[in-house]
Each structure stands twice: as structure tokens, then as C-alpha cells.
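So the structure is just underneath, and the comments pick up after that.
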Amino acid sequence: MNAHLSPEEIVRREALTKLRSHGIDPFPAAEFITTHTSQDCLNQYEEGKEVTLAGRIMNQRVMGKATFADLQDAIGKIQLYLNVDEICPGEDKSLYNDVVKHWVHYGDFIGITGKLFTTKMGEISIKVQQFQLLAKSIKPLPVVKKDADGNVFDAFTDPEARYRMRYVDLVVNPQVKHTFILRTHIINAMRDFFNNHGYLEVDTPVLQNIPGGAAARPFITHHNSLDIPMYLRIANELYLKRLIVGGFEGVYEFSRNFRNEGMDRTHNPEFTVMEIYVAFKDYNWMMNFTENMLNHVCQKALGTSDVQHGNNVLNFKPPFNRVTMTQAIIDHTGFDITGKSEKEIHDFCLSIGLEVNENMGKGKLIDTIFGEKCEKNYIQPTFITDYPVEMSPLCKRHRNNPELTERFELMINGKEIANAYSELNDPIDQLGRFEEQMRLMERGDDEAMFIDHDFIRSLEYGMPPTSGMGIGVDRLVMLLTNNETIQEVLLFPQMRPEKHHQGPDLGAFLDLGVSEDWVEHLPKAGFHSVEELQQAKPTAIHQQLNAYRKKNKLEIPAIQLEDILTWISQIN
RNA sequence: GAUCUCGUAGCUCAGCUGGUAGAGCAAUACACUUUUAAUGUAUGGGCCCUGGGUUCGAGUCCCAGCGGGAUCACCA
């Protein structure tokens with residue numbers, strides 16, 4: 001029955017039985033009311049103050065009639081001092097000698113009441129007077145230890161295990177928990193900033209008929225009643241603009257987007273983008289707004305405008321540098337794209353060794369140059385502005401140059417973090433741009449966008465001049481929490497489904513009446529499952545098992561054919 | 001999707017040119033009433049990812065698969 005359990009798991013399950021037989025429910029139902037957290041105890045220390053708190057017991061150091069342990073709650077840790085005479089003032093010392101010393105294990109939830117004191121070694125601790133098991137942990141957590149110098153031993157580091165069992169990761173790796181707390185603080189700070197400006201947080205459809213607003217492969221699903229294909233959203237942009245048409249002055253949404261594309265350290269099939277649209281503004285206003293917002297986020301979430309990321313310190317104090325796309329390319333390649341034809345740019349790309357092909361339009365070529373030669377150089381927050389019109393089908397043309405658009409991307413640490421436009425609100429121009437996208441698609445550009453006619457119709461009713469900005473929340477969090485992979489900032493990153501290499505089910509054999517002596521030998525003799533027994537001839541099983549017994553000189557009784565027949569009858 | 005690389009005890013990892021599976025921590029038992037990587041003594045614990053192959057013999061070599069990581073392509 002317990003054949004698939006590790007010895008430690010068996011010990012813990014046996015402890016359940018022992019606890020119950022002593023009248024202790026290992027999973028009690030009642031509320032446990034705490035008065036303090038571990039941090040309260042440390043921050044508001046008063047000798048002898050009575051405190052009640054709950055958490056996981058993390059590290060027991062049993063020293064005969066006294067035991068030290070760490071109690072880890074949601075906030076942190078505090079040391080417990082469990083003394084036999086304090087916990088068991090009467091004759092019965094069982095609560096200490098049995099429960100504390102033997103039936104409570106690393107990882108169990110306990111509730112305690114006791115008095116604060118300082119040990120000889122100077123550590124604030126709780127002298128426990130009442131002790132209660134709140135929930136047993138029957139699977140041992142990985143044990144991570146730290147020495148006096150802060151060196152970590154046996155850290156739980158395997159990425160696969162950590163991502164698949166994030167609950168374990170969060171328990172034993174405090175820095176992981178801290179990252180996710182920061183993530184929420186960052187999002188809260190953004191939300192506060194927008195709300196304080198009077199903008200409205202909204203919800204728009206996740207299930208969409210047309211996957212619009214970006215160029216990406218969508219996840220496709222099907223609606224049964226309507227009998228139509230539906231798509232998980234790849235972006236929410238077109239819906240937010242419809243709301244600006246509807247008369248809202250400013251709307252924003254933290255949008256979970258889904259894209260059916262590759263997965264790696266910077267891509268997860270679902271990811272979060274914050275998009276905001278504000279009426280009567282342009283991209284210059286949005287640059288100011290964005291740098292102020294990010295500085296606010298850094299101050300609120302991190303308490304500083306100087307953010308350590310890898311070997312760099314990123315300075316979020318406004319104003320950020322602003323460089324046009326044209327100037328950026330001149331700065332890093334010496335080539336001026338102004339007024340150049342598609343062929344001239346194509347030839348230039350070839351001359352500097354970039355891989356380009358005939359399907360690439362002018363915008364895509366320029367994008368390639370920037371991506372290969374310029375992007376990585378912008379470590380400090382920098383707005384790259386005025387992108388070529390071909391790259392930006394939803395963006396308004398530049399007021400001074402119709403070949404460019406009023407667009408900026410915010411580059412930080414050599415990567416794109418935000419993207420913003422003076423939004424295109426001319427419905428006729430917009431339709432033309434969509435049609436250009438269709439031509440690109442026919443030419444082989446699989447990133448080109450679909451036409452959303454209802455969106456065009458909304459523009460025909462009139463959209464005020466508007467600036468919109470989208471920011472990759474996961475990537476911003478990576479930046480601000482000093483993480484290099486998106487999996488570290490998503491609680492449950494997408495993983496390939498777990499495959500269980502199921503070992504032989506010895507318990508199932510026992511249930512058939514196989515003797516305990518024999519059960520462990522069945523898989524070794526070639527029978528890994530009940531199904532395999534069922535499919536074999538009883539006489540063949542009989543011969544095979546006894547041949548195995550003879551070959552391995554087993555000191556156990558030989559199998560009789562009747563035994564086999566009994567097993568088989570048990571199956572049916 | 002391609003290439004490289006890894007998969008050994010609950011955790012972190014050794015295991016050489018193929019020859020009977022190792023350490024620390026964790027667990028179990030005993031001792032120990034202010035320890036803190038507690039300590040001391042003893043004990044138990046392994047489908048060495050899975051399936052084939054080569055071999056007298058495979059954790060080790062070869063092939064395939066599964067899973068992870070890295071790089072690349074696509075993308076944010």
C-alpha cells in the first residue's frame with residue numbers, strides 16, 4: 001500500500017495515526033486566532049509580552065528537554081523555544097516527548113502562544129506555553145539551510161521542480177515570494193497612478209471574433225451555440241479605442257493576452273500588458289506621462305528611482321532620453337534612412353551583413369536594422385520616436401513628415417518595455433493601412449494584421465485625438481525585480497504537461513492476494529501491472545515467476561498455479 | 001520547430017579508461033533544558049528518467065523517446 005511512498009512519507013503518515021490515537025486531530029477545523037506576526041514580534045519586542053501566532057515549523061533543533069524551532073508565517077520567521085516543563089506543566093509530558101519531538105515534522109502548520117524573550121545568543125524568541133498542531137504536512141519539503149555568513153546550502157534550485165511546484169518554491173525560497181509581492185506592488189502602483197489621474201479601469205472581451213490590435217498567431221477555440229470560431233485575445237487595443245469613441249476620457253486595462261507562439265525565457269503563451277488610452281493627448285504628452293508613471297512605480301514599489309538590474313543601475317528619474325528612430329540608426333550604423341527607397345535600404349542591410357529577404361517591406365527592413373544594431377545599446381530608459389509608417393498600421397502619421405508616425409517605444413536595458421502612439425483616428429487612412437497590411441500578408445508577412453470593420457465603423461463615428469500606450473507588465477516586473485526570465489515573474493508559468501513515469505503499482509498486486517514476499521519481485525520478473533498479469537497465460541506466469549525464483553535463489557516459497565488462478569479471479 | 005546540454009536518495013551533488021551504488025543535509029533510534037548549518041553515536045533509505053542495443057558485465061558506451069535548461073528562429 002505504501003510501496004510508492006518514500007520512507008519519510010511513511011513516517012509522517014504513521015504520525016497521523018499516532019496523533020489520532022492520542023486524541024489529536026492532525027487537521028483540525030477550528031479557526032486559530034493569532035495576535036501577532038513574526039515581524040510584529042521582532043519589531044515591537046517587549047520582554048515577556050504574550051503573543052499567539054501560527055505558521056509552518058521550519059527547523060527543529062531538539063536538545064533533550066528543550067527544543068528550538070523556526071516558525072515561518074506569511075511575513076517572515078521567528079524562533080520558538082519549546083521547553084518540556086513550559087508546555088507540559090503537569091505530570092503528563094506526552095505533548096512534548098511524543099508530539100513535539102516525534103510526531104511534528106518540518107513543514108507542519110502549528111499555532112502557539114508564548115512569551116517573548118531573548119536567548120543567550122541574543123536572538124528574539126518565543127517561550128512557548130501552548131502548542132497546537134494546525135495541519136500536518138505528510139510530504140517533506142526540501143530543506144534549505146543557511147550558515148552564519150548567509151551562505152545557502154542545498155537550495156531548492158531545479159527550475160522544473162520550482163515552476164511545477166511553485167507552492168514549494170514559495171515556502172522554501174523567500175526571495176521568490178518577495179518577487180511576487182513586488183509584482184503586485186508594481187501593478188498596484190500603476191493602478192493608483194492611473195486612478196489618481198481620473199482614468200477608468202475597464203474590462204474588454206478576452207474571447208474575440210477577430211483577433212485584432214496586434215499581429216500574432218492566436219489561440220483558436222469554438223463557440224458551440226453560435227457555431228463560430230473564437231479567438232483568445234492577442235491584444236485589447238481596438239476595444240479600448242472603441243471606448244474612447246464612446247466618450248470616456250481615459251481608459252486602461254491590465255490585459256491578459258494569449259499568443260500561440262514560441263516559449264522561452266521572455267515569452268509565455270499568456271502574458272500581461274497594461275494598455276491605456278487618453279483622449280485629446282498626443283505621444284509627446286504620453287512620453288511625459290509614461291516617465292512620470294514609471295518613476296512613481298519605482299518609488300512606490302522599490303522606494304528608489306535607481307534600480308539595480310544585473311550589472312546595471314537603471315535610473316528612472318524623468319526626463320528620459322528621446323532619440324528618433326532615424327537618428328538612432330545614424331548613431332549606430334552611420335546610415336541615414338531619410339528619403340531612401342526600399343531597395344537602397346535592402347542593399348544597405350546586405351552590406352552590413354543582416355539577413356533580409358525580398359518579402360520584407362521598408363518598415364520591416366528598418367525594424368531589422370534597429371533590432372540588430374541599435375536596440376541593445378539603450379540601457380538607460382530611452383524613448384525611440386518617429387517610426388516609419390509601414391511599421392505602425394494603427395498609428396497617426398507624423399505631423400511634419402507623412403513617411404513617419406507619431407510613435408515611441410521605450411527601451412530599457414536594451415529591450416522594448418512600452419509602445420505608444422498618437423492614435424490613428426482617420427477612418428479612411430486606417431482602412432487604407434489595414435489594406436496595406438493585407439497586401440503584406442499576401443506577400444508573405446505572417447505578422448500582418450486582419451481588418452476589423454467594426455473598428456473602422458467606430459472611427460467613422462469620430463474618435464477624438466488620442467494617445468495610447470501599452471507596457472509589458474511581465475517584462476517591467478522582470479526589470480524591476482532583477483530577474484532574467486519571465487518564468488520567474490509568473491506564478492505558474494506554462495510548462496509541458498507532466499508525464500508520470502508510473503512505477504509498478506505493488507499495492508494493486510497485494511490487493512489480488514499476492515504474498516508480501518513475492519510482491520516486490522513481480523516487476524523484476526517482468527510483470528509491471530495487473531494488466532500485464534491479466535494478458536498473460538496463468539501457466540506462463542507460473543513458470544516465469546518460479547524460473548525467476550530459481551535464478552535469483554530466492555528464499556521464499558515457490559508459487560503454485562492455484563495462487564496464480566486466485567489472483568486472476570480477483571481481477572475479474 | 002532546430003542545435004547543444006542535463007536527468008543518480010526527500011534536497012544539493014560525487015561516481016575516472018564499463019566491474020557489487022556514494023557524501024552532506026533530511027529521516028529513524030538513543031543522549032542532551034538557551035540552540036541556531038546545534039552536537040555525538042547508531043540505523044534505514046536507490047526501476048541511477050523510460051525503452052531498446054553493444055558487452056561476460058552498463059549509472060557509465062550507442063540509438064530512440066520523455067522532461068528540464070541554454071542558444072537560435074517567431075514574438076512582447
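Reminder, nothing fancy here: chain letters follow the sequence lines and each chain counts from 1.
Listed by chain and residue number, A/F383 satisfy the ring pair (Phe, Tyr, Trp, His ring centres under 6.0 Å) test with A/F320 (two or more places apart in sequence, or in another chain). Take A/E409 and apply the salt bridge (charged side-chain N to carboxylate O under 4.0 Å, His left out) test, not counting sequence neighbours, and it matches A/R407.
Here, B/rU71 and B/rC47 have their P atoms 33 Å apart, quoted to the whole Å. Between B/rU60 and B/rU17, the distance separating the two P atoms is 14 Å to the nearest Å. Look at the C1' atom in both B/rA29 and B/rC62: the space between them is 47 Å, to the nearest Å.
Rounding to whole angstrom units, OH of residue A/Y106 and P of B/rU36 are separated by 18 Å.
Close to B/rG68, at under 4.0 Å from its OP1 or OP2, lies a side-chain N or O of A/R496. Taking 4.0 angstrom as the limit, A/H102 places none of its side-chain polar atoms (N or O) nearer than this to OP1 or OP2 of B/rA27. For the pair A/R164 and B/rG68, the criterion of a side-chain N or O lying under 4.0 Å from OP1 or OP2 is met.
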Show the distances under 3.5 angstrom between N or O atoms of the protein and N or O atoms of nucleotides 38-41 of chain B.
unit_1 : atom_1 : unit_2 : atom_2 : d
B/rA38 : OP1    : A/K145 : NZ     : 2.3
B/rA38 : OP2    : A/N59  : ND2    : 2.8
B/rA38 : N6     : A/V62  : O      : 2.8

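Here A/A161 lies out of heavy-atom contact (under 4.0 Å) with every strand. As judged by a 4.0 angstrom heavy-atom cut-off over every strand, A/G262 is placed among the base-contacting residues.
B/rA76 has A/F271 stacked on its base ring, the centres lying under 5.5 angstrom apart and the planes within 30 degrees of parallel.
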